[in-house]
Asker: 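Before anything else, here's the structure in question.
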Amino acid sequence: MARIKPQALLQQSKRKKGPSRISATTIVFYMLILALIGFFVFATFRYWSNRSRFRSHNQLGVSEHETAYVDSKKSEIPGYAVLDTSKGSIIIELNKENAPEAVDEFIDLCQKGHFKGMLFHRVIKHYVIQAGDNQGAGATEDWNLRGKQHTSMKHEAFMLGTSKGKHTNKGFDLFITTAPIPDLNEKLIVFGRVVKGEDVVQEIEEVDTDEHYKPKVSIGILDVTLKQKI
């Protein structure tokens with residue numbers, strides 16, 4: 001019997017070995033790993049997506065809440081003031097947009113009763129009536145002299161304002177114009193206008209005064225009532 005050479009045996013052994021096969025267990029194992037990876041990616045995506053949507057919803061809710069709060073605050077601010085005088089009532093519409101600081105100060109003083117008993121201490125016919133505790137001389141007299149030199153009438157009558165500059169506790173005086181005043185904003189902080197009671201303003205305007213425009217008969221503000229609507 002012929003002997004087979006070792007080299008031939010090695011070649012026969014290589015021919016008998018086929019390609020290695022992957023077992024079913026290995027396939028299932030890798031499929032589970034891929035499924036877990038896919039589930040993890042999907043869960044992460046859902047988490048961040050929901051979180052982003054939740055934050056956006058919360059910000060919208062906060063914004064709506066803040067807007068509603070601001071609107072409610074605005075609705076609480078009085079829009080009108082009723083001056084009850086010894087000649088009758090004068091209804092003022094307050095202009096919060098153009099003169100917010102003056103309106104806030106006026107409302108605060110009204111709530112403290114600052115204007116109760118305040119007298120109209122200076123009345124210039126066809127020009128202005130002034131109420132306040134400031135008895136100093138002649139801001140309105142100076143207006144009267146200078147105003148007659150102008151022809152430009154930029155402002156209507158029956159505007160409510162207060163003097164410019166820093167107010168002291170007794171320095172918030174009230175001016176109601178009875179005719180258009182040239183360059184009114186240079187003289188006053190205008191923060192309201194008369195919407196009812198022009199006849200009362202005109203009746204005060206017609207009282208007799210002395211040489212310093214002080215009424216000979218006392219006329220004053222009995223009380224001020226703040227209202228949101230008329």
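Hydrogens, waters and symmetry mates play no part in the numbers below; they use all other heavy atoms, side chains included.
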Asker: When the side chains of residues 192-206 are checked against the rest of the protein, which donor-acceptor pairs come out under 3.5 Å, sequence neighbours left out?
Answerer:
residue, atom, partner, partner atom, Å
Arg193, NE, Glu93, OE1, 3.2
Arg193, NH2, Glu93, OE1, 2.9
Glu205, OE2, His126, N, 2.3
Glu205, OE2, Thr178, OG1, 2.9

Asker: Is there side-chain contact between Val190 and Asn98, with at least one heavy-atom pair below 4.5 Å?
Answerer: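 Not touching, per the 4.5 Å side-chain cut-off.
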Asker: Does the side chain of Lys96 reach to within under 4.5 Å of the side chain of Asp104, using non-hydrogen atoms?
Answerer: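 They are in contact (side-chain heavy atoms under 4.5 Å apart), so the answer is yes.
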Asker: What I'd like to find out is whether the side chain of Ile189 reaches to under 4.5 Å of the side chain of Lys164, using heavy atoms alone.
Answerer: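 In contact.
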Asker: Please say which of Leu188, Ile176, Ile90, Asn95 ends up in a side-chain contact (heavy atoms from CB on, under 4.5 Å) with Leu160.
Answerer: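 Answer to the side-chain contact (heavy atoms from CB on, under 4.5 Å) test with Leu160 among Leu188, Ile176, Ile90, Asn95: Ile176.
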Asker: Any side-chain heavy atom of Phe120 within less than 4.5 Å of one from Leu174?
Answerer: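 A side-chain contact is absent here, since even the closest heavy-atom pair is not under 4.5 Å.
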Asker: Measure from the side-chain N and O atoms of Thr177 to the backbone N and O of Phe158, and report whether any donor-acceptor pair falls under 3.5 Å.
Answerer: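 Flag set: sc Thr177 to bb Phe158 pair under 3.5 Å.
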Asker: Heavy atoms only: give me the nearest Pro215-Arg122 pair and the separation to one decimal.
Answerer: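 What the structure gives for the nearest pair is CD-N, 4.1 Å.
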Asker: Hey, what's the ring geometry for Phe172 with Phe115, parallel, tilted or perpendicular (30° and 60° as the breaks)?
Answerer: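 Perpendicular: the ring planes of Phe172 and Phe115 meet at over 60°.
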Asker: Heavy atoms, side chains only, cut-off 4.5 Å: are Val224 and Asp84 in contact?
Answerer: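 A side-chain contact is absent here, since even the closest heavy-atom pair is not under 4.5 Å.
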Asker: What is the distance from atom CG of Leu226 to atom CG of Asp108, rounded to the nearest 0.5 Å?
Answerer: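 Output value for this atom pair is 10.5 Å.
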Asker: To the closest 0.5 Å, what do you measure between NZ (Lys116) and CG (Leu109)?
Answerer: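 The CG atom of Leu109 is 13.5 Å from NZ of Lys116, to the nearest 0.5 Å.
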Asker: For residues Leu94 and Ile107, determine if any side-chain heavy atom of one lies less than 4.5 Å from a side-chain heavy atom of the other.
Answerer: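 Yes, their side chains come closer than 4.5 Å.
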Asker: With rounding to the nearest 0.5 Å, note down the distance linking CD1 in Ile221 to OG in Ser89.
Answerer: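 Ile221 atom CD1 to Ser89 atom OG measures 11.5 Å (nearest 0.5 Å).
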Asker: Should Val82 and Phe191 be regarded as members of a common hydrophobic cluster, given that ILVMFWY residues are connected when their side-chain heavy atoms come within less than 4.5 Å of each other, either directly or indirectly?
Answerer: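 Different hydrophobic clusters.
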Asker: Which distance, rounded to the nearest 0.5 Å, do you find between the CD1 of Ile92 and the CE of Met159?
Answerer: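 Output value for this atom pair is 10.0 Å.
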Asker: Taking side chain as C-beta onward, heavy atoms only, is Leu119 less than 4.5 Å from Ile219?
Answerer: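 No. Closest side-chain heavy atoms not under 4.5 Å.
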Asker: Calculate, to the nearest 0.5 Å, the distance between atoms CZ and CG belonging to Phe39 and Leu32 respectively.
Answerer: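 Going from CZ on Phe39 over to CG on Leu32, the span is 13.5 Å.
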Asker: Find out whether Asp173 and Gln130 are in side-chain contact, i.e. whether some heavy atom of one side chain is under 4.5 Å from a heavy atom of the other.
Answerer: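 Side-chain contact under 4.5 Å: yes.
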Asker: What closest approach, in Å, do Ser86 and Ser218 show between heavy atoms, and which atom pair accounts for it?
Answerer: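 Between these two residues, the closest heavy atoms are OG-O, 4.4 Å.
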Asker: How far does OH of Tyr127 sit from OH of Tyr213, to the nearest 0.5 angstrom?
Answerer: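 Answer for the OH-OH pair, Tyr127 versus Tyr213, is 10.5 Å.
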